[in-house]
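Report on the structure given below.
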Amino acid sequence: MFGFLKKKGDQDNGDPRLSKAKSQPVPRSPWDEAVALMEQGKTAEALEQFARTAIQTRDLSRMDLAERWLNDQRLLDRAGEEVVCRFVAFLTQVLDPMEPNQRQRLWESCLKALRNLGDNTAPRQDMTNRYTTECVLLRHMGRSEDGLKAAQEGISRHKAASCYTFAGLCCLDMDDPEGAEEYVKEGLERDPQNLAPCNDLADYFFHNRILDKAAEYYALVVERGDQQDVEWAEPS
């Protein structure tokens, strides 16, 4: 209330550099940006910002935010099911290095958020398919049998190429190469450019010294893939 008594320089000793420094806003971190968006009610944008930052930086220091948001009962209504699926899919890629107890809590929060979506979800073909996202998460949790069930549910409901792909990978986890081949081939019919599971099959056969099968799938990647695909294929 007595501001009119202050003279210029009272707060900064007359140093114009200090006055200028005070006028500059403190830069916000990417995490702060996500929090600000959430506080503004821009839930989808906040989750996208958080996920993008986590993927780019691999910084796991603010996963308390992710846990809190995942446990928000209003998340689905505020963000939409595709955004929730994408958020969980991104988190699944970065959580493995965490301390086990915290990682388990986050995994469980992710799983709960997906199951809160129910079965009335859109039949997307990619990694944002609700059942594919759940399958990938369960594989990371070491629950490949449950992951296969999730992928099979997605196949039954959506015929999603991504569900076939990850059903096949679950079969490989459980040493069922015949089942894996069947799923991978069906997935390839729906998405001919998705050759990564063929390379996974080839790797499995190679490591188990079934070289004719390994050569078959490595060759398939080389024949159908572009230059980028060929770089990670390992034809015998």
Side-chain angles (χ1 to χ4, degrees), residues 3 6 8-117 121-122 124 126-143 147 150 162 166 196 228 232:
K6 294 180 182 178
K8 184 179 179 181
D10 280 353
Q11 299 300 314
D12 54 24
N13 297 320
D15 189 336
R17 292 172 301 174
L18 294 177
S19 295
K20 184 177 180 181
K22 288 181 181 180
S23 67
Q24 296 297 318
V26 177
R28 292 195 295 191
S29 73
W31 305 116
D32 294 333
E33 294 287 348
V35 171
L37 288 167
M38 187 65 76
E39 290 175 347
Q40 295 166 23
K42 299 178 180 179
T43 305
E45 294 88 339
L47 296 181
E48 296 281 2
Q49 170 70 20
F50 186 98
R52 184 166 54 250
T53 301
I55 290 292
Q56 290 174 348
T57 67
R58 300 288 164 161
D59 178 4
L60 304 178
S61 64
R62 296 311 312 273
M63 288 299 154
D64 58 307
L65 291 174
E67 188 172 359
R68 186 198 320 159
W69 294 341
L70 286 166
N71 289 322
D72 184 346
Q73 295 298 315
R74 302 165 298 168
L75 185 66
L76 174 59
D77 291 336
R78 294 169 61 184
E81 61 102 357
E82 182 175 2
V83 173
V84 172
C85 288
R86 186 179 296 111
F87 186 58
V88 171
F90 279 134
L91 287 181
T92 301
Q93 296 181 49
V94 300
L95 295 182
D96 286 349
M98 292 189 73
E99 185 273 327
N101 289 336
Q102 187 182 14
R103 181 182 62 208
Q104 186 65 34
R105 284 202 319 273
L106 275 160
W107 276 342
E108 294 293 347
S109 294
C110 286
L111 190 58
K112 181 180 178 181
L114 289 178
R115 291 181 173 173
N116 283 343
L117 301 178
T121 55
R124 291 179 295 277
D126 61 13
M127 288 286 291
T128 64
N129 183 285
R130 171 250 195 274
Y131 300 100
T132 301
T133 306
E134 182 173 340
C135 175
V136 175
L137 173 63
L138 287 165
R139 287 187 73 224
H140 276 262
M141 297 172 74
R143 297 169 54 182
S162 57
F166 284 96
Q228 186 176 5
W232 47 255

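Model, not experiment: these values are computed from the prediction.
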With rounding to the nearest 0.5 Å, note down the distance linking [atom1] in [X] to [atom2] in [Y].
| X | Y | atom1 | atom2 | value |
| --- | --- | --- | --- | --- |
| L37 | D32 | CG | CG | 11.0 Å |
| R62 | D64 | CZ | CG | 4.5 Å |
| E48 | F90 | CD | CZ | 6.5 Å |
| Q102 | L95 | CD | CG | 9.0 Å |
| T133 | L138 | OG1 | CG | 11.0 Å |
| R78 | L47 | CZ | CG | 9.0 Å |

[X] and [Y]: which non-hydrogen atoms are nearest, and at how many Å?
| X | Y | result |
| --- | --- | --- |
| C135 | G147 | SG-O, 3.2 Å |
| T92 | V136 | CG2-CG1, 4.0 Å |
| A46 | W69 | O-CZ3, 4.3 Å |
| A44 | A79 | CB-O, 4.2 Å |
| D96 | H140 | OD2-ND1, 3.0 Å |
| A54 | V94 | O-CG1, 3.9 Å |

Given side chain to side chain contact (heavy atoms under 4.5 Å, CB included), test M141 with E108 step by step and report yes or no. CA-CA 9 Å; M141 297 172 74; E108 294 293 347; 3.6 Å; yes
Derivation and outcome, side chain to side chain contact (heavy atoms under 4.5 Å, CB included), residues D59 and T53: CA-CA 8 Å; D59 178 4; T53 301; over 6 Å; no
List the steps and the verdict of side chain to side chain contact (heavy atoms under 4.5 Å, CB included) for N116 and L76. CA-CA 8 Å; N116 283 343; L76 174 59; 5.8 Å; no
Among D72, T43, L65, which residue meets the side chain to side chain contact (heavy atoms under 4.5 Å, CB included) test with M38? T43
Does the side chain of [X] reach to within under 4.5 Å of the side chain of [Y], using non-hydrogen atoms?
| X | Y | value |
| --- | --- | --- |
| C85 | N129 | no |
| E134 | L117 | no |
| M63 | L91 | yes |
| M127 | F166 | yes |
| M98 | R105 | no |

Using the side chain to side chain contact (heavy atoms under 4.5 Å, CB included) rule, take T57 and W31 through it: C-alpha gap first, then chi angles, then the decisive distance, then the call. CA-CA 11 Å; T57 67; W31 305 116; 4.1 Å; yes
Do the rings of F50 and F87 sit parallel, tilted or perpendicular, given the 30° and 60° boundaries?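 Judged by the thresholds at 30° and 60°, the geometry between F50 and F87 is perpendicular.
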Strictly distance-based, threshold 3.5 Å: is any side-chain N or O of E67 a donor or acceptor partner for the main-chain N or O of S109? no
Less than 4.0 angstrom from a charged side-chain N to a carboxylate O is my criterion; do E82 and R86 meet it?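 So E82 pairs with R86 through a salt bridge.
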Quick one: do the R130 and T121 side chains pair a donor with an acceptor below 3.5 Å?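 No, T121 and R130 have no side-chain donor paired with an acceptor closer than 3.5 Å.
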Will you find, in the side chains of E45 and Q49, an N or O donor that is under 3.5 Å from an N or O acceptor? no
